[in-house]
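Quick notes on the structure that follows.
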Amino acid sequence: DQQVKQNSPSLSVQEGRISILNCDYTNSMFDYFLWYKKYPAEGPTFLISISSIKDKNEDGRFTVFLNKSAKHLSLHIVPSQPGDSAVYFCAAMANFGNEKLTFGTGTRLTIIP
Amino acid sequence: EADIYQTPRYLVIGTGKKITLECSQTMGHDKMYWYQQDPGMELHLIHYSYGVNSTEKGDLSSESTVSRIRTEHFPLTLESARPSHTSQYLCASSDGGRALSDEQFFGPGTRLTVL
């Protein structure tokens with residue numbers, strides 16, 4: 001049973017426009033959420049995170065929104081740049097526990113020049 | 001800057017061979033992890049460690065074993081590799097000292113192919 005779901009396997013966005021990547025979760029114990037970015041032949045790199053006590057966290061071009069009632073989070077990238085082309089993984093953690101991350105299947109983002 | 005290393009990066013071996021995938025980190029992190037990822041799929045945690053002499057099984061059952069004799073080193077061993085072990089193996093570490101251990105640093109991964 002997949003507890004973290006990224007229903008869009010791929011997304012194409014024009015350079016300069018906004019990229020919106022979505023993630024849904026089912027486990028109500030999750031209280032910390034992270035986005036990782038992965039280039040081919042490399043390990044994932046941390047991008048941005050959000051605690052369940054917030055509904056928004058912003059870092060430069062990247063903003064993560066959390067809707068706890070809907071168990072949904074999204075990553076906004078604006079403006080999108082060609083270097084943003086990668087696979088983006090959503091991950092969740094139940095902080096009061098052993099801090100294991102549960103990952104989604106990823107969304108491949110392609111930025112079109 | 002994250003300093004976590006994995007060797008080899010790519011490995012092609014025959015069935016029945018014993019292999020060890022190496023993972024080292026120079027950040028002094030207490031927690032280390034091994035994930036397995038198939039193409040287009042999520043990362044599955046197969047092993048983790050809270051510190052020296054601590055090892056735990058992850059969410060995905062794996063025939064591999066791990067050891068944590070030194071803080072910086074977390075090798076993964078397959079005693080007898082099979083084609084079903086073909087996958088990418090990712091090692092990660094995190095600083096377990098914070099209340100919210102927000103960030104796991106990942107190594108570049110080892111892509112294993114068992115023929």
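Proteins get letters first, then strands, A, B, ... in listed order; numbering begins at 1 in each. These figures come from a predicted structure and were not determined experimentally.
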Answer with yes or no whether the hydrophobic clustering places [X] together with [Y]; edges join I, L, V, M, F, W, Y residues whose side-chain heavy atoms lie under 4.5 Å apart.
X: B:L60; Y: B:M41; answer: no
X: A:W35; Y: A:F62; answer: yes
X: A:V13; Y: A:Y39; answer: no
X: A:L75; Y: A:L11; answer: yes

> Side chains of B:L45 and A:F103: closer than 4.5 Å at any heavy-atom pair?
Replying inline: no

> Taking the side chain as C-beta and beyond, is there a heavy-atom pair between A:K100 and B:E56 under 4.5 Å?
Replying inline: no

At a heavy-atom separation under 4.5 Å, does [X] approach chain B through its side chain, its backbone, both, or neither?
X: A:P9; value: neither
X: A:Q2; value: side chain
X: A:A41; value: both

> What are the two closest heavy atoms between A:P44 and B:L43, and how far apart are they?
Replying inline: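 So the two residues come closest at CG-CD2, 4.1 Å.
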
>> So which atom in A:F89 and which in B:Q37 form the shortest heavy-atom distance, rounded to 0.1 Å?
In response: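 The answer is CZ-NE2, 3.1 Å.
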
Using a 3.5 Å cut-off and no angle test, enumerate the donor-acceptor pairs between side-chain atoms of residues 63-77 of chain B and protein atoms at least two apart in sequence or in another chain.
| from | atom 1 | to | atom 2 | distance (Å) |
| --- | --- | --- | --- | --- |
| B:E63 | OE1 | B:R82 | NH1 | 3.3 |
| B:E63 | OE1 | B:R82 | NH2 | 3.0 |
| B:E63 | OE1 | B:H85 | NE2 | 2.7 |
| B:E63 | OE2 | B:R82 | NH2 | 2.7 |
| B:S64 | OG | B:H47 | NE2 | 2.9 |
| B:S64 | OG | B:S62 | OG | 2.6 |
| B:R68 | NE | B:R70 | O | 3.4 |
| B:R68 | NE | B:T71 | O | 3.1 |
| B:R68 | NH1 | B:D30 | O | 2.8 |
| B:R68 | NH1 | B:S49 | OG | 2.7 |
| B:R68 | NH2 | B:H29 | O | 3.2 |
| B:R68 | NH2 | B:D30 | O | 3.0 |
| B:R68 | NH2 | B:T71 | O | 2.7 |
| B:R70 | NE | B:E72 | OE2 | 3.0 |
| B:H73 | NE2 | B:E22 | OE1 | 2.5 |
| B:T77 | OG1 | B:T20 | OG1 | 3.2 |

> Considering only heavy atoms, which portion of B:Q88 lies under 4.5 Å from any heavy atom of chain A: side chain, backbone, both, or neither?
Replying inline: side chain

Neighbour count above 12 (heavy atom, 6.0 Å) for [X] [atom1]:
X: B:K17; atom1: NZ; answer: no
X: A:K68; atom1: NZ; answer: yes
X: B:R9; atom1: CZ; answer: yes

> For A:F65, which residues count as a ring pair (Phe, Tyr, Trp, His ring centres under 6.0 Å) partner, sequence neighbours excluded?
Replying inline: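 Partners of A:F65 by the ring pair (Phe, Tyr, Trp, His ring centres under 6.0 Å) criterion, ordered by chain and then number, come out as A:H76.
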
>> Can you tell me which residue among B:Y33, B:Y48, B:Y35 is in a side chain to side chain contact (heavy atoms under 4.5 Å, CB included) with A:L101?
In response: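 Of B:Y33, B:Y48, B:Y35, side chain to side chain contact (heavy atoms under 4.5 Å, CB included) with A:L101 is met by B:Y35 alone.
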
>> To the nearest 0.5 Å, what is the distance between NZ on A:K5 and CD on B:E42?
In response: 11.0 Å

>> Distance check, rounded to the nearest 0.5 Å: B:F106 atom CZ versus A:E42 atom CD?
In response: 13.5 Å

> Taking A:R108 for the side chain and B:G40 for the main chain, is one N or O donor matched with an acceptor at less than 3.5 Å?
Replying inline: no

> Would you find a donor on one side and an acceptor on the other, under 3.5 Å apart, between the side chain of A:Y36 and the backbone of B:Q104?
Replying inline: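 Indeed, once roles are kept as given, a pair shorter than 3.5 Å links the two residues.
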
